[in-house]
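Computed over heavy atoms, backbone and side chain alike; hydrogens, waters and symmetry mates excluded. Every chain is numbered from 1 and lettered A, B, ... according to where its sequence line falls, protein lines coming before strand lines.
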There are 2 protein chains.
Amino acid sequence: MKNNGSIETGCLHCNVRLSSVFNVLDQEQTQELCAHKSCAVYKKGQYVFTENGLPNGLFCINSGKIKLTTTGYDGKEQILRLVKSGDILGYRALLSNERYHCSAITLEDASICIIDKKYFFDALAASPKLMFEVVKKMSHDLKMAEDHIVSLSQKNVRERMAEALLFLKATYGFEEDNQTLNVSLSREEIADYVGTSTESCIRLLSEFNTDKLILLKGKKISILNLQKLIQTANIED
Amino acid sequence: MKNNGSIETGCLHCNVRLSSVFNVLDQEQTQELCAHKSCAVYKKGQYVFTENGLPNGLFCINSGKIKLTTTGYDGKEQILRLVKSGDILGYRALLSNERYHCSAITLEDASICIIDKKYFFDALAASPKLMFEVVKKMSHDLKMAEDHIVSLSQKNVRERMAEALLFLKATYGFEEDNQTLNVSLSREEIADYVGTSTESCIRLLSEFNTDKLILLKGKKISILNLQKLIQTANIED
DNA sequence: CTTTTTTTATGATTTTAATCATGTTTCTGC
DNA sequence: GCAGAAACATGATTAAAATCATAAAAAAAG
């Protein structure tokens with residue numbers, strides 16, 4: 001009898017709304033929002049939308065983790081973005097009135113709201129504040145993408161692998177033990193983010209494990225030596 | 001006695017305005033815009049803005065070509081975007097209220113307007129249409145960046161090189177002869193876009209030249225066999 | 001609880017592209 | 001026009017990472 005909180009109580013009491021782009025809405029606007037959304041539960045591994053599909057709304061993640069991937073025509077996947085609760089999803093194609101250029105697949109069971117397209121556009125036009133929030137989100141994603149381009153161009157696989165682990169930490173954080181990455185990805189999925197072969201990914205993770213930078217336990221990865229990992233990633237900050 | 005058209009006649013008669021995000025403004029709004037911009041001429045190789053600088057306005061390219069680059073901390077440059085007349089420049093940092101994360105450098109003499117920051121934000125809030133235009137631009141840049149990520153992850157240098165030439169064609173088009181790319185980049189700059197070494201870039205261009213895919217004449221590159229180049233780039237469309 | 005499939009692991013080999021080295025051509029400033 | 005610098009070119013060598021191959025471990029299916 002598990003229930004999705006946001007279905008029961010509505011957006012006004014949705015705890016992730018406050019950390020989403022919709023935090024700028026007032027009470028009345030929030031109720032409007034609530035009237036134009038519907039929620040759904042997705043099982044792990046389900047598609048939320050697929051490449052080339054037409055958007056008919058904005059997705060907002062209530063809970064769960066999602067990967068955005070494209071398929072190179074040789075079949076190899078590329079993970080472009082990782083999405084977490086409070087994030088909006090599928091906004092790019094929606095806003096530019098295009099088909100999705102990537103697919104969204106849940107990495108675990110998820111609860112996701114879909115906000116009506118027409119309502120969302122009206123809300124954006126009516127609320128510059130909301131629009132700026134969305135713009136900030138897109139701006140952030142663009143910056144991340146361009147940072148990724150620089151890494152792919154200039155760093156070797158080892159550096160990118162370390163960077164990817166730091167990225168996972170930054171995105172999903174740690175579990176209660178304060179060192180285990182709060183997300184489970186297969187080696188292949190990590191490789192699809194890093195832009196390397198599955199074998200190289202496995203090899204490097206093994207190596208990091210041997211060197212006590214990380215601890216591998218099945219799909220669970222713990223970061224044992226953050227400082228060393230940052231060094232390995234070759235990050236300037 | 002060459003004069004910058006937009007200084008003399010104002011935005012209302014600016015011929016690139018119509019192909020810019022500002023094409024959605026009406027006559028009155030355009031005059032407003034005109035009152036809040038200033039124009040400047042840049043010599044080839046000049047910085048329009050630099051990494052870590054604070055934006056205080058939106059740049060709009062009247063004429064000229066510009067590269068957006070970041071410097072990896074080992075000193076290697078990465079060309080992230082190429083900008084042409086009618087394009088806006090420096091919008092990402094401005095909109096997200098951040099420092100520039102890349103530098104803008106002119107590839108040839110250029111004439112560039114700078115639109116006052118405060119005015120621009122007000123105009124955006126007042127005109128959802130304008131905002132949507134800017135959003136579409138950013139959305140396009142994000143898509144391009146993500147396509148670039150997939151290429152860097154999954155394609156080899158030869159494929160990426162062919163792709164880069166097609167990208168230059170798509171961005172700047174041909175000269176009057178209908179086959180010579182209307183932009184002059186050094187081999188190093190091309191390498192900085194493709195994500196390879198200068199030597200590899202030179203080698204591959206030579207090879208394409210030998211194979212009659214392209215014709216090299218100094219910095220000028222002509223595309224002789226577009227079909228074959230598309231095949232070499234391994235593009236699905 | 002087995003069987004089958006998928007994922008992880010690791011070694012050997014090959015391919016790709018970077019790096020190093022050197023020479024030539026082209027551009028730039030005087 | 002000439003000197004020096006920068007850009008272009010090409011060969012040789014090395015390094016990095018993909019691919020191929022095989023096997024163990026883990027997960028899923030029956």
Note to self: For a quick test of reading the model: is some side-chain N or O of B/Ser200 closer than 4.0 Å to OP1 or OP2 of C/dA18?
What the structure shows: yes
Next item on the list: State which of C/dT16, D/dC20, C/dA21 makes the closest approach to the side chain of B/Glu199.
Entry: C/dA21
Note to self: Counting only side-chain heavy atoms from C-beta out, which of C/dA9, D/dA9, C/dA18 sits nearest to B/Thr196?
What the structure shows: C/dA18
Note to self: Categorize A/Ser197 for me: base, sugar-phosphate, or nothing, with a 4.0 angstrom heavy-atom threshold over every strand shown.
What the structure shows: base
Next item on the list: Provide, to the nearest angstrom, the distance between the CZ atom belonging to A/Arg187 and the P atom belonging to D/dA24.
Entry: 19 Å
Next item on the list: Choose from D/dC20, D/dA18, D/dA9 the nucleotide whose nearest atom is closest to any side-chain atom of A/Val157.
Entry: D/dA18
Note to self: Surrounding NZ of B/Lys136 (heavy atoms of other residues, nucleotides or ligands, distance under 6.0 Å), is the total greater than 12?
What the structure shows: no
Margin query: Between P on D/dA18 and CZ on A/Arg160, what's the gap in Å once rounded to a whole number?
Written below: 8 Å
Next item on the list: Please confirm whether any donor atom in the side chain of B/Arg203 sits under 3.5 Å from an acceptor in the base of C/dT19, or the reverse.
Entry: yes
Note to self: Whether A/Asp109 and A/Lys44 form a salt bridge (side-chain N of Lys/Arg under 4.0 Å from carboxylate O of Asp/Glu) is what I want to check.
What the structure shows: no
Notebook entry, point to check: What is the distance, rounded to the nearest whole Å, between atom CD1 of A/Ile202 and atom P of D/dA23?
Noted result: 17 Å
Notebook entry, point to check: Atom CG of B/Leu205 and atom P of D/dA9: how far apart are they, to the nearest Å?
Noted result: 8 Å
Margin query: Without decimals, in angstroms, what is the distance between A/Leu216 CG and C/dT7 C1'?
Written below: 14 Å
Checklist line | Option among B/Tyr91, B/Tyr42, B/Tyr100 that satisfies the ring pair (Phe, Tyr, Trp, His ring centres under 6.0 Å) test with B/Phe49 | finding: B/Tyr100
Notebook entry, point to check: Taking everything shown except B/Tyr47 itself, do over 12 heavy atoms lie less than 6.0 Å from its OH?
Noted result: no
Notebook entry, point to check: Would the number of heavy atoms belonging to other residues, nucleotides or ligands and lying under 6.0 Å from NZ of A/Lys228 be above 12?
Noted result: no
Check: Hey, does the side chain of B/Ser206 come within less than 4.0 Å of D/dT10's phosphate (OP1/OP2), counting only N and O?
Finding: yes
Checklist line | Out of C/dA9, D/dA7, C/dA18, whichever nucleotide has its closest atom nearest the side chain of B/Lys219 | finding: D/dA7
Item checked: Length of the CG-C1' vector between B/Leu204 and D/dT10, whole Å -> 13 Å
Note to self: Expressed as a whole number of angstroms, how long is the span from B/Lys44:NZ to C/dC27:P?
What the structure shows: 10 Å
Next item on the list: Round to a whole Å and report the spacing from NZ of B/Lys76 to P of C/dT19.
Entry: 8 Å
